[in-house]
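Contents: one structure, followed by commentary.
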Amino acid sequence: MLAIFNPRKRGIKMTTPYRTMTYTFLPDTAICDDCLKELFDPESKRYLYPYIGCPNCGPRYALMKNVPFERQNTTMADWEMCPTCKEEYENPQNRRYHAELNCCPQCGPNYYLSENGERYEGEEMFRRVAELLNAGEILLVKNNGGYHLVCDAFNRNAVQVMRDKLGRPRKSFAIMVKDLEAAKEIVHLSEKEEAILLSKKRPILLAKSKSEELSSIVAPNNTDIGLMVPYTGLQHLLFHFGAPRYIVMTSANYPGEPTIHKEDQLTRLVEDFQCATLIGEREIERSVDDTVLKVTKLGAVPFRRSRGYNNLLDITLPSSRPILTVGADLKSTITLVKDQKVVMSHHLGDMTKYGTQLKFERTVKDYLAIHGVDLSETIIGYDLHPEYFTTKFAQNLEGYRHIAVQHHKAHLASILALKNKLSERVVGIVFDGAGFGEDGEIWGGEIFVGSVQEGFTRHGHLRKASLIGGDAAATYPLQALAGFIGDFDKDLFDRLQLPDPFPKALKIKEKNIRTFPTTSVGRLYDAVAALLGFHLDNSFEGEAAIALEYLASQSKVEEVYTFPWTGEELDYRPLFEEMIQSKLKGQSPSVIARGFHRSLAQAVVDVIQSLCEEYDTNYAVLSGGVFHNSLLVSDIFDLLEGSKIEILYDDEVPLGDNCISLGQAAILSATIIE
Ligand SMILES: [Zn+2]
Ligand SMILES: [Zn+2]
Ligand SMILES: [Zn+2]
């Protein structure tokens, strides 16, 4: 098995010429207004040309083979400019002066539609695409950073076919809407959200749904719909020629695998879907996922930090040696520090999938090479979890030193690095699904005090529950519930009448088979969701928690439960006792779900206030995927109102595990003195 990820065998032992970090990957940005105007101007030579672009817009990262960003270092190297394009490129007065990807319909790549052996081009192609989408067909469409699967978002059958074929029964699909007007008809948008939707990054924005019909199709049991507006010439053209105003646009990949970006990877999807493919002739060097963002009280938080973000961060980290860190396993990123400058990769994905492992390895190799980093001089950081793919990969690199960093400490350090507060003492709360603890147990409800420089001390945690059946407890919320209330009075279970796997899990717990202690708040969410009626499995990470937030959002706060902070642990026993009593009295699940959020927020605030006072600090940090929950976060901010405590956050840094590599790098840079 080692052979799969032995980097030495893959030749990842880099000694490359010295380069400064100024030359790095550039972000992909949305089509600019000038190009958009030309796209629909019949007088323009790029009228209706999908690959229109200029120095101010278009893909970069997705097409770059090397640095700096010059045509010969991109996938456009083999396309020769025609005389008029060349004249634009060389003329300092022209707005396309040094447009590295400059091309036009005469000299550049183009698109064609391949449908059952037929080939469509030009306007006929766009009309045919619109016709197919309006007829409920699914299409594969190449965008700047990879292929998307596309269909009419209001067509229940088409979306169901997509779900069945991808093995994605309930997870929400992102949609693309024609324009801002169309967006406003289906979601609530604040001014800030409108600006984000139209920003150069053009992320998928998670916004509160207004349309029950659309939610039930693309985002069931979810408060939000993930939507974006067109960011390429091609996408504008799809709508221009009559595509439905709301189309599903989900990256073309099977769950967890990287997005397909080359034609020779399409075979399985085309066979499964038997669909037409809109193929672009410009090659993509590396796939780029759409960024996913949500605005909460913690800022415009990237759930998935990818397209549109700068790799070069606007911070420095002190270090006399280069540092390479490889993040965690589920939402991995890598970070490289050299000459105190910091570059962080895009979201790389789920390392349990082979395709993602290859993408990860290639990213490490590329980052070392283009930044001229010599591995033998480099300090390598990775997660404490011994079984992570990234851990084993890092340990096999021929680095200068190898150092493991605890998962939840890395969470905190990522935010403090971006706030430039490496020496600031804070109270840190990290709530997530799972991370390997320093005692070898599974952590996920952690309370720390300290700074990046002096180190964080685990001051307390969620009271330990049982993770019954190991990983299975993360799949089955009812099994997670048994791990929290399994020791309660048995009469209660008769009255609650919870279905399998709850009773089965109790038996496993009794026999103490594969049962581990955990402090995971992710599992607490699952358990509460199960108590309140979510009896399905988690078909994707966070499903039960998202459903619980959705349920809670339908009520006002009517009940608050006791969830005491003992100074060492947050004791969930009274919380469950009171929720169960309320449920047995016939209280609506929605009111109880709302009460749970408020109670958890109150518990967090109690911890923050008591520890801030004890340790004489006014700063608190929240991290971990649980804090994507906007109801929880807004309750915390409400409860802290008027207090002098400041919660530190930053729009650049994800709360989920995309942040781990940055946090690892910050901790290594602050603690290694050489
Ligand atoms: Zn432009
Ligand atoms: Zn040309
Ligand atoms: Zn985490």
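Both ligands and their constituent atoms are indexed starting at 1 by order of listing. Index from 1, following the sequence.
- For Thr390 and Ser332, the side-chain atoms include no donor-acceptor pair closer than 3.5 Å.
- The angle Cys107:SG - the Zn ion (ligand 2) - Cys104:SG amounts to 110°, with values rounded to 10 degrees.
- Note on Asp432: its N/O/S atom closest to the Zn ion (ligand 3) is OD2.
- Ionic pairing of Arg458 and Glu446 is present here: one or more N-O contacts between side-chain nitrogen and carboxylate oxygen are shorter than 4.0 angstrom.
- Within the coordination shell of the Zn ion (ligand 2), defined by N, O or S atoms under 2.8 Å, Cys103 is absent.
- The atom of Asp657 that is an N, O or S and sits closest to the Zn ion (ligand 3) is OD1.
- Here the straight-line distance linking atom OG1 of Thr232 with atom CG of Asp28 works out to 11.5 Å at 0.5 Å rounding.
- Neither side chain, Lys65 nor Thr75, offers a donor N or O lying under 3.5 Å from an acceptor on the other.
- Taking the six-membered ring for Trp, His628 and Phe303 have ring centres closer than 6.0 Å.
- Angle NE2 (His407) to the Zn ion (ligand 3) to NE2 (His411): 100°, rounded to 10°.
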